[in-house]
Amino acid sequence: MQTCQLEVHRTQIANTRLTDIDLPPAQQGEITVAVDRFALTANNITYAVVGEKIGYWKFFPVADGDYGVVPVWGFANVVESRHDDIAVGERLYGYWPMGTHLRMMPGRVSDARFFDTASHRAELPPVYNAYARCTHEPHYDAKLDDARMLLFPLYATSFCLYDFLIANDFFGAEQVIIPSASSKTSVGLAFGLAGDAGKRAVVGLTSASNVATVESMGFYDSVFSYDDLESIDTSRPTVIVDMSGNGVVLSRLHELLGDNMRYTSNVGLTHYQDNQMGEHFIRERSAMFFAPGHMQQRNKEWGPGEFEKRSYQFWLDATKATASWLSYRHLTGMELTQAAYREVLSGEARPDVGLILSPSG
């Protein structure tokens, strides 16, 4: 069996290549899956940018250490099984390589899920190693596949951020500024904030070409372009939730807000080429946000299954709220997958369109 995967240079992420690899027959306890479809968003670019720091390159290692495989969320079908509890034909949801196939070692198997227990994944966050067994899910609806692979991972992070802000009483802020407001994680957070009982002003920042689209979503109280930062009300205590990683924008916001910049949560790197912070960036009131860590904390505090229940409901509600303006674009084949990666990397992907890739022709 042969797999083809998209490999990305680990330090020069604009450099990509397609590589064919021969997979030997599965050994006892292993399965092979064919990746059916996956979503591609700016979040995957963040995976590549922070791959060394957080460990995203470790999920699907490449023999040539200069290259790696960017993880994506989507669906796959079991095409070979030497595991007694996993049948050929099962449909799975989870974390996949940008490629056509994956060899796995299922462990901790239940009706609902299993974990890939391959040795190289042992120290990685459990949320990324867990795979839902869709064939056994009573609520599984194939019509929601696109929304699930595109929005659930992002809106789960949105929910984590919303919960984090509530738990910290918004750091005393009266408004929330969200750079890269067109990103799906930003949109999900804005949805949550728009319905919050203790309503605070929600301000979106985006490129000039996206202002009208972001305004039309209906979740932000006001939307400004990156060229119009001086128009933002800086007299109010403010928390920033940043998906952009744009050091120029963040440093300028910190300068304009001064003491009113109560806290900045650094989440994404959609502007990965501009992520060097300037002299006015206030580091002592800024920190990286790692959603899997927040999930693990809440699992301990809330008990088994409660985080999944609450985040799933949040996803359902947010997905319904975005259905009126979000459409999906489907592409097939590894060559188009490579082209789509470059499109998202360059920032050319439209905020009101979700990219869904089918790696096999």
Side-chain angles (χ1 to χ4, degrees), residues 39 41-44 46-47 54 71-74 93-95 112-113 125-128 130 132 137 139 144-171 173 176-200 202-204 214 217-220 239-244 263-268 270 287-323 326 351 354:
T41 71
N43 188 51
N44 302 108
T46 297
Y47 289 162
I54 298 183
V72 289
W73 291 93
Y93 169 79
Y95 213 46
R113 66 177 63 118
V127 66
Y128 296 127
E137 288 181 333
H139 61 271
L144 293 175
D145 278 3
D146 285 350
R148 185 172 178 179
M149 71 181 88
L150 179 78
L151 298 176
F152 185 75
L154 304 181
Y155 286 175
T157 298
S158 304
F159 175 73
C160 287
L161 288 163
Y162 177 53
D163 180 55
F164 172 76
L165 291 175
I166 291 174
N168 288 279
D169 196 26
F170 288 80
F171 298 90
V176 182
I177 295 178
I178 308 177
S180 197
S182 66
S183 78
K184 304 300 186 298
T185 307
S186 297
V187 170
L189 174 59
F191 161 79
L193 293 171
D196 185 62
K199 185 83 171 66
R200 289 159 177 82
V202 184
V203 179
V214 174
M217 294 175 181
F219 301 144
Y220 295 93
V239 63
I240 300 170
V241 182
D242 178 55
M243 314 295 174
S244 74
Y263 186 82
T264 292
S265 184
N266 302 112
V267 186
T270 59
M288 286 293 299
F289 183 83
F290 188 50
H294 186 84
M295 293 176 191
Q296 287 178 283
Q297 177 184 340
R298 282 311 198 197
N299 280 328
K300 292 177 182 178
E301 296 170 347
W302 290 348
E306 187 62 25
F307 176 85
E308 288 86 348
K309 177 182 176 182
R310 297 190 195 186
S311 61
Y312 184 79
Q313 188 60 53
F314 184 93
W315 167 69
L316 280 178
D317 294 341
T319 297
K320 291 176 183 176
T322 57
L326 179 64

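Under the side-chain contact (heavy atoms from CB on, under 4.5 Å) criterion, V127 pairs with P125, P292, M295, sequence neighbours left out. Under the rule for a side-chain contact (heavy atoms from CB on, under 4.5 Å), the partners of P126 that lie at least two apart in sequence or sit in another chain are F115, Q296. With sequence neighbours left out, Y95 forms a side chain to side chain donor-acceptor pair (under 3.5 Å) with no residue at all. Residues that satisfy the side chain to side chain donor-acceptor pair (under 3.5 Å) test with N299, not counting sequence neighbours, are absent from this structure. Not counting sequence neighbours, the partners of E137 by the salt bridge (charged side-chain N to carboxylate O under 4.0 Å, His left out) test are R148. With sequence neighbours excluded, no residue forms a ring-ring contact (aromatic ring centres under 6.0 Å, His included) with Y220. Partners of R298 by side chain to side chain donor-acceptor pair (under 3.5 Å), not counting sequence neighbours, listed by chain and number: D163, E301. Partners of T319 under the side-chain contact (heavy atoms from CB on, under 4.5 Å) rule, at least two apart in sequence or in another chain, are A147, L151, Y155, W315. Every residue two or more places apart in sequence or in another chain was checked for a side chain to side chain donor-acceptor pair (under 3.5 Å) with S265, and none qualifies.
Considering every non-hydrogen atom in both Y47 and P71, the closest pair reads CD1-O, 3.4 Å. Shown here for V267 and T46, the closest heavy-atom pair between the two residues is O-CG2, 4.2 Å. The nearest pair of heavy atoms linking N44 to T41 is OD1-N, 2.8 Å. Counting all heavy atoms, side chain and backbone alike, P351 lies closest to L326 at O-CD1, 4.5 Å. Residues A130 and R113 share a closest heavy-atom pair of CB-CD, 4.4 Å. Contact record, P153 with W73: CG-CG, 3.3 Å, taken as the closest heavy-atom pair.
Without hydrogens or angle criteria, D317 side chain to F314 main chain gives no donor-acceptor distance under 3.5 Å. Using a distance-only test at 3.5 Å, with no hydrogens or angles considered, a donor-acceptor pair links the side chain of S186 to the main chain of S180. Between the side chain of S158 and the backbone N or O of T185 there is at least one donor-acceptor pair closer than 3.5 Å.
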For V176 and Y162, run side chain to side chain contact (heavy atoms under 4.5 Å, CB included): C-alpha distance rounded to whole Å, both residues' side-chain angles, the deciding distance at 0.1 Å, then the answer. CA-CA 11 Å; V176 182; Y162 177 53; over 6 Å; no
Ring pair (Phe, Tyr, Trp, His ring centres under 6.0 Å) between F159 and F307: does it pass, once the steps are laid out? CA-CA 10 Å; F159 175 73; F307 176 85; 5.7 Å; yes
Criterion side chain to side chain contact (heavy atoms under 4.5 Å, CB included) on N168 and V239, from CA distance to verdict: CA-CA 11 Å; N168 288 279; V239 63; over 6 Å; no
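Counting heavy atoms from C-beta on, the side chains of T322 and F191 never come closer than 4.5 Å. Between F219 and V202 the shortest side-chain heavy-atom distance does not fall below 4.5 Å. The shortest distance between side-chain heavy atoms of L165 and D196 does not fall below 4.5 Å. With a 4.5 Å cut-off on side-chain heavy atoms, W302 and K309 do not count as touching.
Rounded to the nearest 0.5 angstrom, L161 CG and M243 CE are separated by 5.0 Å. Here the CZ atom belonging to F152 is positioned 12.0 Å from the CG atom belonging to L144, to the nearest 0.5 angstrom. Remark: S183 OG to L154 CG distance equals 8.0 Å, nearest 0.5 Å. Here the NE2 atom belonging to H294 is positioned 6.5 Å from the CD atom belonging to Q297, to the nearest 0.5 angstrom.
Between Y263 and F164, the ring-plane angle classifies as tilted under the 30° and 60° cut-offs.
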